Protein chains: 4
Amino acid sequence: MPPTHNSSKDELDSAEAEVRPVRGRPRSEDSHEAVLGAVLDILDKEGYGALTIEGVARHAGVGKQTIYRWWKSKPELVLEAYANHSASKLPMPDKGDVTADLESFFCGACKRLNDISGPTMRGLMADAVYDPEFLEILRDVLIAKRRDALMQVLARGVARGQLRADADLVVMTDTLLGAVWYRLLVQHAKLDSRFAKQLVNDCLNGYAPRGR
Amino acid sequence: MPPTHNSSKDELDSAEAEVRPVRGRPRSEDSHEAVLGAVLDILDKEGYGALTIEGVARHAGVGKQTIYRWWKSKPELVLEAYANHSASKLPMPDKGDVTADLESFFCGACKRLNDISGPTMRGLMADAVYDPEFLEILRDVLIAKRRDALMQVLARGVARGQLRADADLVVMTDTLLGAVWYRLLVQHAKLDSRFAKQLVNDCLNGYAPRGR
Amino acid sequence: MPPTHNSSKDELDSAEAEVRPVRGRPRSEDSHEAVLGAVLDILDKEGYGALTIEGVARHAGVGKQTIYRWWKSKPELVLEAYANHSASKLPMPDKGDVTADLESFFCGACKRLNDISGPTMRGLMADAVYDPEFLEILRDVLIAKRRDALMQVLARGVARGQLRADADLVVMTDTLLGAVWYRLLVQHAKLDSRFAKQLVNDCLNGYAPRGR
Amino acid sequence: MPPTHNSSKDELDSAEAEVRPVRGRPRSEDSHEAVLGAVLDILDKEGYGALTIEGVARHAGVGKQTIYRWWKSKPELVLEAYANHSASKLPMPDKGDVTADLESFFCGACKRLNDISGPTMRGLMADAVYDPEFLEILRDVLIAKRRDALMQVLARGVARGQLRADADLVVMTDTLLGAVWYRLLVQHAKLDSRFAKQLVNDCLNGYAPRGR
DNA sequence: GACTAACCGAGACGGTACGTCCCGTCTTAAG
DNA sequence: CTTAAGACGGGACGTACCGTCTCGGTTAGTC
């Protein structure tokens, strides 16, 4: 039996000490890295759709089994490679003004999505459609990270009295992130900072006429 | 060369006269319907991911070539089957009140997405990720239909003075539809009428405190 | 380098003193026996073709390396297990009559081949086809044993004047044993005592008309 | 369902008109020949053990499925290639003397077995050990052909009074062919014409002293 | 009524990737 | 120095579909 797939979730979200089995040859860090490296390489050069387990194995100089031993599926593999790589540096601006914070947050997001990040994110989401188990992981790792970051920004806004005290932050998060994902997926309009600012401001002020 | 794929777009959006070749055996309506029927059957029973051209041909008792002759790809095939089927009945409520109209619009949408519609929509979107050509079609057929319907509702709101005259309706549309798609794809929360109403109201009123 | 494979040959044919290394943990008799036991088990339950080193190790609760350390290949392993087990008891009848001796010899052989012995013998021979090194061992251990036994019977026949003095005993051996192997492998006819007797008598008397 | 594997048996043994299904693309003779050619090539250059379906497909420039479509297994594939190739030219000498006929028959057989024929025959027999279904085919195609040829020679000997009228020709066949197979498989002695002649003569005259 | 063109089903074709199995080697900690 | 455990690179397995192709057989005009 395989040693419990290191469902990237564990590795990423918690400090839990990846319990190495006492006996047997230990996992090769070289291979591990070679695989993740190959994934990023292929992701970059040929895109998410062209990435196959077989191709990764070939490119990494690794047996296929070695991949199947540690990752349940292609998207989990990509997720780890991608999450490890772009690990991170989610901006959590705190300038004292929720509008400025949000604009900063979404301008950054849009910028990143116009790099390699965009296609990969789309690919991961697409794969999650077919694979519920992976959706769970994607949600718990990648999506949750972004939601949490945003949520903190919003919470600070509420604390400062810059957002209504009774605002449903979950729905607000869905609205803001949803709009970005929607443009990312449908690709009917640009994801630029103009859009980011408009989105933030409209969302804060609403579309109904003010001050009636 | 095949006789111009009847890219469902044409068939659905315009009245353009499907140029029938002058001579030769005409297209078999039986086969046409058998194929679309098989697609819906499989979509329903086994899901979008398990749908293959080979399987459709088998299930419909039709040669593979017959499918490739008339449809460029799996997702286009599905799109026609699906669009023909759920053809339509997009609600375009007009009650004189933009809030009521929007609530009605999104409650209906959420309800439909909780039936068979949801998985198929997700599947179509997933395929669009891998196939840009199909994305174009999906966008122009299915997505645009919904956007246009919503846009009309919003335009009436503006006309009635219930929405700010300077509102960017495109961004507003992205925001509203994006939130729904986001929940549909990520599946972290229910798509129910509570959500629909909250979404509409928050979007109209904004999250910033009013009447400062 | 491994400690000289105890090519079963050595173990079986000679008394040569299995040179034990002076230091370090001694060979585990438990493991040794567990392996041989597993081999016989699998041989019996799943047949020769389904026997793999990996399977033996699993079944015996033993590391693969432990097998590779002591046996060069699957067939050598099987040979030791099998030879140890059916060790021996080759009948070497000596009733004073070569015909009777031979009939006894071959009736016994046929009987044994109709038990478990048959499939294993066929499997060993099959493996020997692919592995010349193993063929050598099979020939020197199992085959030679039988040839030698038969040869002695024949030699006694010559001594008694019951076989022609100028008979080529090697060819005779090939003829008798070959017929049995041939039926065992081709399986076009039964290996029963009727066959054994017919074989012996025809071989002794020849097929040409006598006493012209 | 595959179109009934052309179990080489049918093709070779009888005149039955390989009923081509009326519909669908017909079998490609080019591919068929390319595959058989590749088999013989590999058989010749790398030997029976190194022959894999994958390798044949690669070498023949053919999809794996095309092989699996028409042949059930590696040995059946080899059998057709080999039988088609060495199809054939089994000597059926008829010189009026059974001794001469048999010597001619077995000298020829030994000679052929010392060419490529030998290893392939051994390989086929080995595979038959693991695959009963194939054993049946091997027996009915290759083995039976040789048995029948020999049997005719023997029958003529009986007719001419050169063999005992009551001789059990089946056992005699087993004896003669068995001795050859035995040497072929065990490889403890040469398969040369000296052996062939000795075998034939001893078999005819018997090992018991004559003219008592 | 024959000809021609485009259709139809069937299904074979060269490919690519799948996920599994086992090979024989290697690298641990424990005994 | 052996042991059990088990990861490693490799390679073949047999299967599923891909999109293309090639048959014999329809089913309409057009000549």
Side-chain angles (χ1 to χ4, degrees), chain A residues 1-3 20-28 30-32 34 52-55 57-58 60-70 72-74, chain B residues 2-3 20-28 30-31 52-55 57-58 60-70 72-74, chain C residues 2-3 20-28 30-31 34 52-55 57-58 60-70 72-74, chain D residues 1-3 20-28 30-32 34 51-55 57-58 60-70 72-74:
Chain A
M1 212 209 346
R20 223 201 12 98
V22 185
R23 311 213 280 185
R25 178 174 177 174
R27 176 173 191 177
S28 155
D30 283 6
S31 294
H32 189 167
T52 64
I53 302 277
E54 199 128 322
R58 216 180 301 131
V62 141
K64 268 205 286 182
Q65 200 63 257
T66 299
I67 298 185
Y68 283 109
R69 207 183 336 264
W70 300 107
K72 276 217 272 295
S73 61
K74 161 184 161 178
Chain B
R20 225 194 20 90
V22 188
R23 319 206 307 172
R25 181 174 175 174
R27 176 173 189 176
S28 155
D30 282 7
S31 294
T52 64
I53 301 277
E54 200 126 326
R58 218 180 300 132
V62 140
K64 270 203 293 180
Q65 196 63 259
T66 301
I67 298 184
Y68 282 108
R69 207 186 329 269
W70 301 108
K72 273 218 275 295
S73 63
K74 160 185 161 178
Chain C
R20 221 189 31 85
V22 187
R23 317 206 305 171
R25 180 172 175 177
R27 175 171 190 180
S28 154
D30 283 7
S31 295
T52 64
I53 301 277
E54 201 125 325
R58 216 181 300 132
V62 141
K64 272 205 289 179
Q65 197 60 259
T66 302
I67 298 185
Y68 282 109
R69 208 188 323 274
W70 301 108
K72 273 218 276 295
S73 64
K74 161 185 160 178
Chain D
M1 210 210 347
R20 237 230 325 129
V22 185
R23 313 214 279 186
R25 179 174 176 175
R27 176 174 192 176
S28 155
D30 282 7
S31 294
H32 189 165
L51 188 144
T52 65
I53 301 277
E54 201 129 320
R58 216 179 302 131
V62 141
K64 268 203 288 181
Q65 199 65 255
T66 299
I67 298 184
Y68 283 109
R69 208 182 335 265
W70 300 108
K72 276 218 273 295
S73 62
K74 163 184 160 178

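Letters go in sequence order (proteins before strands), and every chain restarts at 1. Keep in mind that the numbers below use all heavy atoms, side chains included, and drop hydrogens, waters and symmetry copies. Predicted model, so just to flag it, every value in this text is computed and none were measured.
Phosphate proximity of F:dA7 to A:Ser31: absent, as no side-chain N or O sits under 4.0 Å from OP1 or OP2. Taking side-chain N and O atoms only, D:Thr66 has no distance below 4.0 Å to OP1 or OP2 of E:dA12.
The D:Trp70 side chain lies nearest to E:dA12 when the options are E:dA12, E:dT28, F:dG9. Of the candidate nucleotides E:dC23, F:dA12, E:dC13, F:dA12 has the atom lying nearest to any side-chain atom of A:Lys64. The side chain of A:Arg25 lies closest to E:dT25, out of E:dG9, E:dG19, E:dT25. Across E:dC13, E:dG9, F:dA12, the shortest atom-to-atom separation from the side chain of D:Thr52 is found for F:dA12. Each of F:dA12, F:dA16, F:dC18 was ranked by its minimum atom distance to the side chain of D:Gln65; first place goes to F:dA16. Looking at the side chain of B:Arg58, the nearest of the listed nucleotides F:dC17, E:dC7, E:dC13 is F:dC17.
In this structure, the separation between OG1 on D:Thr52 and NZ on D:Lys64 is 9.0 Å, given to the nearest 0.5 Å. Remark: B:Arg27 CZ to B:Trp70 CH2 distance equals 5.0 Å, nearest 0.5 Å.
Taking each heavy atom of C:Ser31 and C:Ser28 in turn, the nearest pair found is N-OG, 2.9 Å. Taking all atoms of both residues into account, the shortest heavy-atom contact from A:Ala60 to A:Ala34 is CB-O, 3.5 Å. The two residues B:Val62 and B:Ile67 come nearest to each other via the heavy atoms CG1-CG1, 4.0 Å.
Distance NZ (D:Lys72) to P (F:dT15): 13 Å, rounded to an integer number of Å. For the pair B:Ile53 CD1 and F:dT20 C1', the interatomic distance rounds to 13 Å; values are reported in whole Å. Atoms CZ (A:Arg69) and P (E:dG19) sit 16 Å apart, rounded to a whole Å. Remark: C1' of F:dT15 and CD1 of D:Ile67 are 15 Å apart, rounded to the nearest angstrom. As a whole-Å value, the separation of B:Tyr68 OH from F:dT22 P is 17 Å. Computed from coordinates, the B:Glu54 CD to E:dG11 C1' distance equals 10 Å when rounded to whole Å.
Each of C:Ala57 and D:Leu51 was matched to the nucleotide of DNA chain F holding its nearest heavy atom; the match closer to the 5' end belongs to C:Ala57. Residue whose closest nucleotide on DNA chain E sits further toward the 5' end, between D:Ser28 and C:Lys74: D:Ser28.
Contact annotation for C:Gly55: no contact, since no heavy-atom pair falls under 4.0 Å across all strands.
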